[in-house]
Visitor: 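The structure's right below; bear with me while I get my questions together.
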Number of protein chains: 2
Amino acid sequence: MVQYSKKIQGVPEPTIRRMPSYLAFAEGLLRKGQQFVSSTQIANYMNIDPTQVTKDLSYTTIVGKTRVGYEVKAIVDVLSEFLGFSVMDNAFLVGAGSLGSALLHDSGLNHFGLNIEAAFDVNPATIGRKINDVEVFHIDQFRDLAQELNVIMGIITVPAENAQTVADLMVAWGIKAIWNFTPARIKVPDDIIVQNTTLYSNLAIIFNKLHHERKEE
Amino acid sequence: MVQYSKKIQGVPEPTIRRMPSYLAFAEGLLRKGQQFVSSTQIANYMNIDPTQVTKDLSYTTIVGKTRVGYEVKAIVDVLSEFLGFSVMDNAFLVGAGSLGSALLHDSGLNHFGLNIEAAFDVNPATIGRKINDVEVFHIDQFRDLAQELNVIMGIITVPAENAQTVADLMVAWGIKAIWNFTPARIKVPDDIIVQNTTLYSNLAIIFNKLHHERKEE
DNA sequence: AATCATTAAAGAAATTTTTCTTTAATGAAA
DNA sequence: TTTCATTAAAGAAAAATTTCTTTAATGATT
């Protein structure tokens, strides 16, 4: 079957996954006052191939100079911009349990362009409280607040069995993207962006390497 | 160049990433009393191709029955075993800040075979406290405790700039695997397993889809 | 009992991602 | 000034992963 349209100009997801680390590295170099950095240096830091770095950076407007490398400042500026870390987007978080409150405490999210406007839960013990200056509301109040505030992302940190219910509510509320931290997979309309982040997948990979994989010799 | 040895029998990492979700789905079905599940059902739940599911499951000992599907109980049992979720491994966590304490609160880790024996920090405010029954020690005490307890994994949840220092200590302490939650990349000997889990990568992917990617039409 | 529809499984093909190779540029050293 | 070594960049090749195709099995339906 002929495919008449696809993602235009899509940057590979593995590339995007690596970029925040390039950025973190460059930010560190910037603080240390280093002006240029070569793909070899970056690759060495990341334990990957140098051409991988140049390929990845070639998706942006950054250009390197032969025998010199890339300008550190340019990497920081262009990459933050490219990754969407330089504009602030608003989010609601549903599920103010342990993982939820950890995210509320994480200043890194703010640093990378995500502002959590409010949190929601059903637990009377947490409702009304403030976690790191973010107020926790009863989930029934979500609809009204979503109207007032310009919120485009919903973060799901409830138990897996409630993920779909929360997702349905978020879609009804007009949210554009959902960051799902449960192992459950949610069904949403095609135009809603879903990103699943399951910590346990990483655990599974570690265990697999520890228990199964024999070493290369 | 001829490669004389490689990973033997390596299961693709994307496969392992998907497996915890298969498992979570199967556990849900088991609770509901469903006895069999087809690859189509699983694929529909995951929003992936059915053959992907059969391929993934073919790496395990699970076999399906034509026109019936896979036995739910078998998926649960074999997958938990396969993913290493059915034996308990001990870990130390360094960095009892917001993310660190969230992990300490997360019962899911225990459910999936990871037991955090102790936590470490340098902040006097947290040292001596117990977080969800896990005691927080000063990092200097790590060496002694590592001797006593059979700990194979170290979890790094310190600020990025301290990641390498902590990793070096962990390696010196004889840890076999490191789960690194910072965006920094750490250098360790080849025989140490490192798994990097950077939340901000996921954020980058969402932003990229929100800001850059045009929809297919 | 015969047909049909659904399914797992295996292998082929297509796609995606990574690694390798070549080229040209240029700062540093001789 | 000339040579040398390092680098980015572009394209080719290789490797990994996903999707497609075919086959055979079998429960359900007629």
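Basis for what follows: all heavy atoms, side chains included, without hydrogens, waters or symmetry-related copies. Reminder, nothing fancy here: chain letters follow the sequence lines and each chain counts from 1.
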Visitor: A:N180 side chain to A:A184 main-chain N or O, any donor-acceptor pair under 3.5 Å?
Guide: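 Indeed, once roles are kept as given, a pair shorter than 3.5 Å links the two residues.
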Visitor: Could you tell me how far apart B:M46 (CE) and D:dT19 (P) are, to the nearest whole angstrom?
Guide: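 Interatomic distance, CE of B:M46 to P of D:dT19: 12 Å.
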Visitor: Counting only side-chain N and O atoms of A:Y59, is one of them less than 4.0 Å from OP1 or OP2 of D:dA9?
Guide: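 So the side-chain polar atoms of A:Y59 never come under 4.0 Å of the phosphate oxygens OP1 or OP2 of D:dA9.
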Visitor: Using whole Å, report how far CG of B:N44 lies from P of C:dT7.
Guide: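 One finds 11 Å between P of C:dT7 and CG of B:N44, rounded.
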Visitor: Counting only side-chain nitrogens and oxygens, does B:Q52 get under 4.0 Å of the OP1 or OP2 atom of D:dT17?
Guide: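 It does not, given that no N or O in the side chain of B:Q52 lies less than 4.0 Å from OP1 or OP2 of D:dT17.
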Visitor: Does A:N90 use its side chain to pair, donor to acceptor, with the backbone of A:N150 at less than 3.5 Å?
Guide: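 Yes; at least one donor-acceptor contact below 3.5 Å.
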Visitor: Of all the nucleotides listed (D:dT19, C:dT19, C:dT7), which has the minimum atom distance to the side chain of A:D49?
Guide: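 Per side-chain heavy atoms of A:D49, the pick is C:dT19.
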Visitor: How many Å lie between CD1 on A:I62 and C1' on D:dT7, as a whole number?
Guide: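 Whole-Å distance recorded here is 16 Å.
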Visitor: Report the residue (A:D56 or B:S58) whose heavy-atom-nearest nucleotide on DNA chain C is the more 5′ of the two.
Guide: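 Final value for this comparison: B:S58.
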Visitor: Could you tell me the separation between the CD1 atom of A:I16 and the C1' atom of C:dT18, rounded to a whole number of Å?
Guide: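 The distance from CD1 of A:I16 to C1' of C:dT18 comes to 16 Å, rounded to the nearest Å.
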Visitor: So, does B:T54 get its side chain near the phosphate of C:dA8, meaning an N or O under 4.0 Å from OP1 or OP2?
Guide: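 No, because none of the side-chain N or O atoms of B:T54 sits under 4.0 Å from OP1 or OP2 of C:dA8.
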Visitor: Give one of base, sugar-phosphate or nothing for A:T51, where a contact means two heavy atoms less than 4.0 Å apart.
Guide: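 The residue A:T51 makes base contact.
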Visitor: I want to check one thing: is the phosphate of D:dA8, taken as OP1 and OP2, less than 4.0 Å away from some side-chain N or O of A:S39?
Guide: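 True: A:S39 side-chain N/O within range (under 4.0 Å) of D:dA8 OP1/OP2.
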Visitor: What is the distance, rounded to the nearest whole Å, between atom CD of B:E13 and atom C1' of D:dA15?
Guide: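 Those two atoms, CD and C1', are 15 Å apart.
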Visitor: Within the distance-only criterion (no hydrogens, no angle test), does the side chain of A:S38 pair as donor or acceptor with the backbone N or O of A:G69 below 3.5 angstrom?
Guide: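 No, A:S38 side chain to A:G69 backbone: no donor-acceptor pair under 3.5 Å.
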Visitor: For A:K55 and A:V68, find the nucleotide of DNA chain D closest to each by heavy atoms; which residue's nucleotide sits nearer the 5' end?
Guide: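 Residue closer to the 5' terminus by nearest nucleotide: A:V68.
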Visitor: Please tell me which of the listed nucleotides, C:dT6, C:dT17, D:dT7, lies nearest to the side chain of B:T66?
Guide: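 Selected nucleotide: C:dT6.
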Visitor: Atom CD1 of B:I42 and atom C1' of C:dT6: how far apart are they, to the nearest Å?
Guide: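 After rounding, the reported distance stands at 15 Å.
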Visitor: On the side chain of B:R67, is there an atom forming a donor-acceptor pair with the base of C:dA8 - under 3.5 Å, no angle test?
Guide: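 Flag unset: no donor-acceptor pair detected.
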Visitor: Flag the pair B:R31 and B:E27 as a salt bridge only when some basic side-chain nitrogen lies within less than 4.0 angstrom of an acidic carboxylate oxygen.
Guide: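 Salt bridge flag = no for B:E27 with B:R31.
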Visitor: Rounded to the nearest angstrom, tell me the gap between atom CZ in A:F36 and atom P in C:dA28.
Guide: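 The distance from CZ of A:F36 to P of C:dA28 comes to 11 Å, rounded to the nearest Å.
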Visitor: Does a nitrogen or oxygen in the side chain of B:R18 sit under 4.0 Å from OP1 or OP2 of D:dT17?
Guide: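 No, no such contact exists.
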Visitor: Rounded to whole angstroms, how far apart are CG on A:L57 and C1' on D:dA10?
Guide: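 A:L57 atom CG is separated from D:dA10 atom C1' by 15 Å.
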Visitor: When you get a sec, tell me which of D:dA8, C:dT17, C:dA8 is the closest nucleotide to the side chain of A:S38?
Guide: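 Looking only at side-chain atoms, A:S38 lies closest to D:dA8.
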Visitor: Distance only, no hydrogens: is a donor on one side chain within 3.5 Å (strictly under) of an acceptor on the other, for B:H211 and A:D89?
Guide: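 B:H211 vs A:D89: donor-acceptor pair found between side chains.
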